[in-house]
2 protein chains.
Amino acid sequence: MARRGPQGGGGAKRDRILRAAIMIFSRKGYFNSKISEIARQAGVADGTIYLYFKNKDDLLISLFEEKMGEVVADVRARVAEGGDALSRLRIFIRNHMDLLVREAGLIEVLQVELRQSNKFMKEYVPVKFLEYLDIISGILEDGQKEGIFRRDLNVTLARRAIFGALDEISLAYVLSRKRKYDPAEAAEEIYRIFAAGLKDSVPSEGGR
Amino acid sequence: MARRGPQGGGGAKRDRILRAAIMIFSRKGYFNSKISEIARQAGVADGTIYLYFKNKDDLLISLFEEKMGEVVADVRARVAEGGDALSRLRIFIRNHMDLLVREAGLIEVLQVELRQSNKFMKEYVPVKFLEYLDIISGILEDGQKEGIFRRDLNVTLARRAIFGALDEISLAYVLSRKRKYDPAEAAEEIYRIFAAGLKDSVPSEGGR
DNA sequence: TCCGATTGAATGAACCATCATTCACTAAAT
DNA sequence: ATTTAGTGAATGATGGTTCATTCAATCGGA
């Protein structure tokens, strides 16, 4: 079970391959990336990759799960430092945007390939990604208990909205080479929108 | 210029192919869809596709531009019926969610392939998609003039946030076969969040 | 210490299935 | 008869995967 390469554990070579894959996948996308390119980038032979990964798909999945796992563990720790739900929401948002700088390649792969993957990996469930979303749910539910957020807020929907907003802004950032805005400022603006949006309510049969 | 098939204009056969492509692309994704499958689905021979489209990429791009063009024109008309910025925002959001039902396949293709396309079509700029985003900007700017939305709102960021939220929720809807929520209700919840979020502000050094 | 044997990681050329694309041909229309 | 739409089998390129072989490290007997 869970045997995954010559040494069995997390070898340096395995990690070199994973890093190379992030680099190549993020540049060209999964389908346009060749195993031989990844091998070259990692400084190993084509065949070596198959000592550590079952096939090309497995390489992508391992990348999703392992790297995303690190990200999730990291955010959890950071968010735990926050006080009330509002400040924790802010930390979460801020952290997400900071990831763009720290882990640009990884984020780029996740953003583009995670969607695609549903189409060609029928069996795969992105566990770690769901955990990431659960962190948001947790904050929202706590906020309701604390009386900060609306009680009738649909948490499932709201967490998706928050993630979607962050994701889309990250995407725009990553794609435009111009870097039109600063991630930290963006985080603050997004925080303001949601902090106000989750808190108060607006007449349901609104404007004219 | 813009010659694109035997009849030159929008033939019925051309449209059959486009519709078949939406169907197949939405099921398997661009790279896993075979021209021969699309041909079979459309009831034409493989070669016929090349009478109407330059190549596989061109088929995808045409699909983006033409179908998205129809969508944009349609939303523009609907939004124009609204009164103030708030009610127009609500119409826009509601319309987006309704599209999920009316144009499920198309939406699915756009959501998944638009991101990918940046990686392998270096020259392609998704004009119609940007127009869609511009509709949101327009609403937001009007809202500022009307004194409904914060003057210091970063419109570029906010429109991305709104689109991102909608897009992510649509994605969840499309992917989960369970249909956990109703698009109309989802639209209302999203509207409430943003209506409140764009309007009021929250102390910038919040929390604690 | 030295040397042959054994082990398993690493290699990369070759294999072969998969499609996108082409084009010689047929059918229909004018 | 000539032109144009449509066909679908054949072609050629591509690239994931395999596996026979090489190489280095470790081991044990003298």
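Atom set for the values below is all heavy atoms of this structure, side chains included, hydrogens, waters and symmetry mates excluded. Reminder, nothing fancy here: chain letters follow the sequence lines and each chain counts from 1.
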Distance check needed: C:dG12 P versus A:I38 CD1, whole Å only. 17 Å
Consider the side chain of B:T48, meaning its heavy atoms from C-beta on, and name the nucleotide among D:dG16, C:dA9, D:dG6 that approaches it most closely. D:dG6
A:E37 CD - C:dG12 P separation (whole Å): 17 Å
Inspect the contact between A:E66 and A:R14 and indicate whether a charged nitrogen and a carboxylate oxygen are less than 4.0 angstrom apart. yes
Just checking, B:K13 and B:Y52: is the charged tip under 6.0 Å from the six-membered ring centre and within 45° of the axis? no
Rounded interatomic separation in angstrom, taking CG from A:D46 and P from D:dT18: 13 Å
Once you round it to whole Å, what is the distance between P of C:dT22 and CG of B:D58? 12 Å
Any carboxylate oxygen within less than 4.0 angstrom of a Lys/Arg side-chain nitrogen, looking at B:K119 and A:E113? no
Taking side chain as C-beta onward, heavy atoms only, is B:M97 less than 4.5 Å from B:I169? yes
Using whole Å, report how far OH of A:Y52 lies from P of C:dG8. 14 Å
Reckon B:K13 has a side-chain N or O less than 4.0 Å from the OP1 or OP2 of D:dG6? yes
Given D:dG16, D:dT7, C:dT11, the nucleotide with the shortest approach to the side chain of B:L51: D:dT7
Looking at D:dG15, I'd like to know if its phosphate oxygens (OP1 or OP2) sit under 4.0 Å from a side-chain N or O belonging to A:S36. no
Which nucleotide in the set D:dG16, D:dG6, C:dA20 lies at the smallest distance from any side-chain heavy atom of A:K56? D:dG16
Nearest listed nucleotide, side chain of B:N55, among C:dA20, C:dT21, D:dG6: C:dT21
Measure from CZ on B:F53 to P on D:dG6 and round the result to the nearest Å. 12 Å
A:R40 atom CZ is separated from C:dG12 atom C1', nearest whole Å, by 14 Å
Take atom CD1 of B:I49 and atom P of C:dC23, then tell me their distance rounded to the nearest Å. 18 Å
The side chain of A:I35 is closest to which nucleotide in this list: D:dG16, D:dG6, C:dG12? D:dG16
Can you classify the ring geometry of B:Y132 versus B:F163 as parallel (below 30°), tilted (30 to 60°) or perpendicular (above 60°)? perpendicular
